[in-house]
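Comments concern the structure below.
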Amino acid sequence: MFESWDYYRIDADLTDEQRLARDSVKRFVDTRFRPLVTKHFREGTFPRELIPEIAELGLLGATIKGYDCAGMDNVAYGLVLQELERGDSGLRSFVSVQSSLVMYPIWRYGTEAQKQRWLPALARGEKIGCFGLTEPDFGSDPGGMRTRAKKDGDHWILNGAKMWITNGSIADVAVVWAKTGEGPQSIRGFLVEKGTPGYSTSLIEGKFSLRASVTSELAFDDCRIPADNILPESKGLGSPLSCLNQARYGIAWGAVGAAVDCYECARDYARERVQFGKPIGGFQLVQNKLVTMITEITKAELLCLRLGRLKDANELRPEQVSLAKRNNVAWALDIARMARDILGANGIADEYPVIRHMLNLESVYTYEGTHDIHALIVGRDITGLDAFHG
Ligand SMILES: Cc1cc2nc3c(=O)[nH]c(=O)nc-3n(C[C@H](O)[C@H](O)[C@H](O)COP(=O)(O)OP(=O)(O)OC[C@H]3O[C@@H](n4cnc5c(N)ncnc54)[C@H](O)[C@@H]3O)c2cc1C
């Protein structure tokens with residue numbers, strides 16, 4: 001009988017280093033994170049006590065070379081995110097935001113002094129970061145943002161608000177995107193430190209998804225920051241979008257992890273649960289669901305591996321990332337719903353991980369470009385026609 005979820009033995013195609021990175025994170029998730037996740041999900045908190053161990057594993061800014069970062073290849077990093085999201089999308093989100101949305105822009109658009117100051121501390125988990133792009137009135141269309149930065153001598157003055165910001169309330173530094181003039185081409189990145197007068201955060205309460213992740217609103221009210229807190233190489237909307245592209249790459253891998261956890265749970269349950277005198281896994285309809293699940297997991301994993309190799313070869317196009325994010329998250333959500341169904345009433349209880357993954361994946365479907373926005377990105381790529389404006 002086939003016990004693993006790796007139906008096509010993709011594992012055989014990995015290097016020893018990639019397997020090692022994956023297996024050490026798998027152990028961490030199973031022994032350290034899983035025992036805590038239900039409590040944190042119920043309480044709506046992120047397990048901050050684990051940040052030093054996450055940092056010790058080299059997961060923060062893992063693909064950056066130098067600055068106390070691990071310098072992993074992109075396939076290894078993808079596998080790591082997959083294991084984290086097998087635990088919970090909130091855990092993967094924490095690592096994605098710190099790595100792709102905070103460390104990456106500092107590394108790509110910052111000065112050497114900014115890199116020296118922030119990257120090692122962020123890699124060691126001594127400092128936490130967040131990324132402020134979305135606003136209450138501008139989500140899929142961030143180019144319309146209202147947040148403004150105005151130069152005043154040797155300071156910038158920020159005014160505006162950011163919404164739905166992961167890690168916002170616990171962050172020591174926020175990478176904030178603001179317009180310095182008119183139009184999306186005037187967008188620049190700024191580093192805003194916790195405690196700066198005029199900068200405040202508030203926790204978003206009442207979430208039913210990504211509960212083990214902190215989500216906040218950021219407000220800037222005549223917030224004065226030193227002139228050198230601008231990320232000088234950032235220019236226009238393309239800069240924050242390049243960060244999102246890094247994060248979306250990780251989501252494509254991560255979503256497979258959540259799907260695998262749901263699949264394994266449903267398969268084990270179907271073998272045990274007896275109705276009408278036999279295990280429900282022996283009914284054709286249930287087998288059909290399990291087969292669909294493992295088929296789509298296998299396809300999604302092959303997509304990821306190819307994506308990772310293109311990224312390592314520096315040949316990856318953002319549109320290819322969009323296709324994978326869109327496909328893998330949509331299937332992960334469908335797989336979570338199928339698993340939820342197979343578990344019957346138990347499927348809605350947090351004794352099992354399925355309902356938690358299912359609820360989390362609703363956010364993952366929406367953030368970092370919604371499912372439909374990624375259809376528009378790929379659609380434009382293959383037709384040459386822009387459907388964003390109707
Ligand atoms: C838990 C969570 C954490 C997040 N973390 C962060 C973060 O750390 N930093 C950050 O900056 N943001 C973050 N976000 C925000 C996230 O990126 C946005 O929610 C997302 O971009 C969608 O924006 P919106 O919610 O305003 O939806 P909208 O843009 O209002 O979209 C609503 C619906 O309209 C559709 N739609 C919009 N435009 C079009 C179009 N042209 N054609 C067809 N359909 C369209 C969308 O697909 C969607 O179905 C987070 C969100 C969540 C839920």
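Each ligand, and each atom within it, is numbered from 1 in the order the structure gives.
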Output the distance between atom NZ (K235) and atom CD (Q185), rounded to the nearest 0.5 Å.
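Reported to 0.5 Å precision, the distance equals 13.0 Å.
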Looking just at side-chain N and O atoms, do [X] and [Y] make a donor-acceptor pair shorter than 3.5 Å?
| X | Y | result |
| --- | --- | --- |
| Y269 | N346 | yes |
| S239 | S234 | no |
| Q98 | K127 | no |

Does the protein put any heavy atom within less than 4.0 Å of [atom]?
| atom | value |
| --- | --- |
| atom 37 (C) of ligand 1 | yes |
| atom 30 (O) of ligand 1 | no |
| atom 21 (O) of ligand 1 | yes |
| atom 34 (O) of ligand 1 | no |

Among all protein heavy atoms, pick the one closest to [atom] and tell me residue, atom and distance.
| atom | result |
| --- | --- |
| atom 24 (P) of ligand 1 | G139 CA, 3.9 Å |
| atom 42 (N) of ligand 1 | L376 CD1, 3.6 Å |
| atom 8 (O) of ligand 1 | T166 N, 2.9 Å |
| atom 44 (N) of ligand 1 | D372 CB, 4.6 Å |
| atom 53 (C) of ligand 1 | S363 OG, 3.8 Å |
| atom 15 (C) of ligand 1 | T134 OG1, 3.3 Å |

Output yes when the distance from some N or O of ligand 1 to some N or O of [X] is under 3.5 Å, and no in every other case.
| X | answer |
| --- | --- |
| T366 | no |
| T370 | yes |
| L133 | yes |
| Y367 | no |

Taking 4.0 angstrom as the limit, do E53 and R27 come out as a salt bridge?
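R27 and E53: not salt-bridged.
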Does the pair D16 and R19 meet the rule for a salt bridge (charged side-chain N to carboxylate O under 4.0 Å, His left out), with working shown?
CA-CA 5 Å; D16 287 345; R19 279 193 215 106; 3.0 Å; yes
Give the single entry among [options] that approaches [atom] most closely by any heavy atom.
| atom | options | result |
| --- | --- | --- |
| atom 17 (O) of ligand 1 | K162, H374, E368, H371 | E368 |
| atom 4 (C) of ligand 1 | F131, W164, F388 | W164 |
| atom 39 (C) of ligand 1 | L101, I373, D386, V97 | I373 |

So if I count the atoms of ligand 1 from 1 in the order they appear, which ones are less than 4.0 Å from some heavy atom of I165?
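Selected atoms, number and element: 7 (C), 8 (O), 9 (N), 10 (C), 11 (O).
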To check you understand the geometry: which heavy-atom pair defines the closest contact between S4 and R267, and what is its length?
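Residues S4 and R267, closest heavy atoms: O-NH1, 4.0 Å.
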Atom of G87, atom of V29 and distance for their closest heavy-atom approach:
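Looks like CA-CG1, 3.6 Å.
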With a 6.0 Å cut-off on ring centres, are W164 and Y367 close enough?
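Judged by ring-centre distance (under 6.0 Å), W164 and Y367 do not meet the cut-off.
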Among R92, E301, K325, which one satisfies side chain to side chain contact (heavy atoms under 4.5 Å, CB included) with W253?
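Answer after filtering R92, E301, K325: E301.
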Is ligand 1 under 4.0 Å from a heavy atom in the side chain of S140, in the backbone, in both, or in neither?
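Both the backbone and the side chain of S140 come within reach of ligand 1.
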How does L210 reach ligand 1, if at all, at less than 4.0 Å between non-hydrogen atoms: by side chain, backbone, both, or neither?
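The answer is the side chain of L210.
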Does atom CZ (F2) have a neighbourhood of more than 12 heavy atoms from anything else shown, all under 6.0 Å?
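It does: F2 CZ has more than 12 such atoms within range.
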Applying salt bridge (charged side-chain N to carboxylate O under 4.0 Å, His left out), run through R356 and D350 and close with a yes or a no.
CA-CA 7 Å; R356 181 166 48 76; D350 68 5; over 6 Å; no
